[in-house]
Amino acid sequence: MSSGSVRYVRYLLFAALGLTLFFFVSRSAIPIPENISLELSPNTYKDTSTSTSPSHNNAGTPEHNTAVTPSAGAPQGNRVNATFVTLARNSDVWEIAKSIRNVEDRFNRDYHYDWVFLNDKEFDETFKKVTTSLVSGTTHYGVIPREHWSYPEWIDQDKARKVREDMGERKIIYGDSESYRHMCRYESGFFFRHPLMLNYEYYWRVEPSIELYCDISFDPFRYMKENDKKYSFVLSLFEYYDTIPTLWDSVKKFMGNHPEHVAEGNSMDFLSDDGGKTYNKCHFWSNFEIGSLEWLRSKEYIDYFESLDHDGGFFYERWGDAPVHSIAAGLLLKKEQIHFFNEIAYYHIPFTHCPTGEQLRMDLKCHCNPSDNFDWKGYSCTSRYFHINNMKKPEGYEDES
Ligand SMILES: Nc1nc2c(ncn2[C@@H]2O[C@H](COP(=O)(O)OP(=O)(O)OP(=O)(O)O)[C@@H](O)[C@H]2O)c(=O)[nH]1
Ligand SMILES: [Mg+2]
């Protein structure tokens with residue numbers, strides 16, 4: 001070998017070494033927020049240790065290995081038996097595409113959870129092609145059985161039509177819509193019983209055009225399971241009274257007929273300011289939900305839904321699935337089984353949940369404006385939720401009210 005080619009080989013070796021070193025340095029420089037687990041513990045906000053979830057340190061601990069290494073993914077065995085679920089029309093395809101992109105980029109690309117899409121009509125090829133290309137898990141497409149998206153025989157359809165006309169004239173939002181009513185009834189009483197949903201234990205509801213503003217550095221499904229949580233929320237607010245004038249009467253009738261279903265240590269004080277006489281209209285905003293399907297399929301919940309359904313308010317008024325789910329969670333569950341996910345930053349028009357706590361927002365690479373956070377503003381019920389659970393509001397909340 002000439003001295004020229006020896007030099008050449010030496011250059012090549014140096015270059016290879018340099019590239020290898022660069023690779024290792026750049027990989028290890030990926031900032032991994034080691035302390036997030038502490039920030040994420042729900043008990044961080046508690047005044048007292050009233051939690052019934054001694055395992056929270058484990059469960060609240062983000063799975064760093066899986067959460068920050070996209071290529072590794074979550075080992076199958078580590079995943080909870082859970083799925084995303086979306087009710088949508090074919091025309092929603094581009095709006096749901098945005099939501100999926102957000103969910104994948106901020107969370108699911110590391111976990112590959114399944115996604116179930118439900119529709120009252122067949123999904124078309126474009127919808128299936130676009131959504132399957134975006135979801136990193138397995139996608140499933142289901143048509144809703146007709147009997148779950150039509151009038152039960154006890155409903156007087158003439159009366160229902162007159163109500164729609166009247167609510168339309170009074171400009172009540174979606175007051176004149178028939179399909180919106182079927183949608184609210186379906187979300188209240190049926191989606192969790194669709195054959196595609198029967199094999200799963202937990203669901204995460206995703207609607208078109210939502211945004212997630214922060215990384216989700218742990219597995220919320222796992223958190224729910226390990227801490228025996230059944231229902232969770234990120235935003236809460238007051239319901240529009242004209243859509244639910246007799247809902248509470250119906251709830252009281254159910255409680256009278258089924259006192260055995262009402263949980264001890266429930267959240268009645270979240271729902272009522274007078275011990276249950278009247279409803280204060282507080283509810284969790286159900287376009288975001290992570291919850292237990294087994295709870296929704298329980299005798300307690302089904303008896304509750306059927307009792308409300310027979311009273312007719314899905315059609316004679318415009319009962320939303322948000323107050324229906326929330327009242328059930330508030331009365332049929334123990335307080336500790338409902339969870340507020342401060343760390344999950346979320347937007348559905350027109351409200352934003354941007355996590356309170358600057359360090360948390362930095363760690364999670366959030367891009368929401370904290371002053372948009374709705375939690376501590378006058379029309380939110382989240383302060384009330386904190387109050388009834390003896391939770392201390394996160395530091396910095398005053399600046400966002
Ligand atoms: N298949 C089907 N899905 C529907 C229908 N109406 C609403 N949806 C879906 O049901 C969910 C709730 O409907 P939205 O129109 O978002 O209701 P909303 O959130 O109260 O109102 P927006 O502020 O308009 O988002 C969404 O996931 C919709 O895609 C319908 O007629 N058929
Ligand atoms: Mg919506």
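The figures that follow rest on heavy atoms only: side chains count, while hydrogens, waters and symmetry mates do not. Start at 1 and go down the list; that is how both ligands and their atoms are numbered. For reference, positions follow the sequence shown, starting with 1.
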Is the closest basic N to carboxylate O distance between Arg79 and Asp114 below 4.0 Å?
-> no

Should one rank Lys121, His182, Glu207, Glu178 by closest heavy-atom distance to atom 14 (P) of ligand 1, which comes out on top?
-> Glu207

Between Arg170 and Asp166, is there a salt bridge with N-O shorter than 4.0 Å?
-> yes

Logged contact type for Phe123 with ligand 1, heavy-atom cut-off 4.0 Å, is neither

Do the two ring centres, one from His182 and one from Phe315, sit under 6.0 Å apart?
-> yes

Does an N or O from Arg89, backbone or side chain, lie closer than 3.5 Å to an N or O of ligand 1?
-> yes

Tell me which N, O or S atom of Glu207 sits nearest to the Mg ion (ligand 2).
-> OE1

Check the angle between the aromatic planes of Tyr113 and Phe221 and answer parallel, tilted or perpendicular using the 30° and 60° thresholds.
-> perpendicular

Based purely on interatomic distance, does His348 place a nitrogen or oxygen under 3.5 Å from a nitrogen or oxygen of ligand 1?
-> yes

Contacting atoms of ligand 1, where contact means under 4.0 angstrom from a heavy atom of Ser179 | 31 (O)

Specify the protein heavy atom at minimum distance from atom 22 (P) of ligand 1: its residue, its atom name, and the distance to 0.1 Å.
-> Tyr174 OH, 3.4 Å

Tested for ring-ring contact (aromatic ring centres under 6.0 Å, His included) against Phe288, the lone hit among Phe84, Tyr346, Phe233, Tyr203 is Tyr346

How far is atom 9 (C) of ligand 1 from its nearest protein heavy atom, and which residue and atom is that?
-> Leu87 O, 3.3 Å

Please indicate whether any nitrogen or oxygen in Tyr180 is less than 3.5 Å from any nitrogen or oxygen in ligand 1.
-> yes

Is there a donor-acceptor pair under 3.5 Å between the side chain of Tyr202 and the backbone N or O of Val80?
-> no

Taking the six-membered ring for Trp, is the centroid-to-centroid distance between Tyr379 and Phe351 below 6.0 Å?
-> no

Is Arg361 paired with Glu400 through a side-chain N to carboxylate O contact shorter than 4.0 Å?
-> yes

Answer yes or no for Asn119: is there a heavy-atom contact with ligand 1 below 4.0 Å?
-> yes

Kindly check if the number of other-residue, nucleotide or ligand heavy atoms within 6.0 Å of CG (Leu198) is above 12?
-> yes

Looking only at distances, please establish whether an N/O atom of ligand 1 is found under 3.5 Å from an N/O atom of Met183.
-> no

Polar-atom distance check: Pro208 versus ligand 1, any N or O pair below 3.5 Å?
-> no

Hey, is Glu187 one of the residues with a heavy atom under 4.0 angstrom from ligand 1?
-> no

Are there more than 12 heavy atoms of other residues, nucleotides or ligands under 6.0 Å from atom NZ of Lys377?
-> yes

Which residue supplies the protein heavy atom nearest to atom 32 (N) of ligand 1, what is that atom called, and how far is it?
-> Asp120 OD1, 2.9 Å

Can a non-hydrogen atom of Asp92 be found less than 4.0 Å from any atom of ligand 1?
-> yes

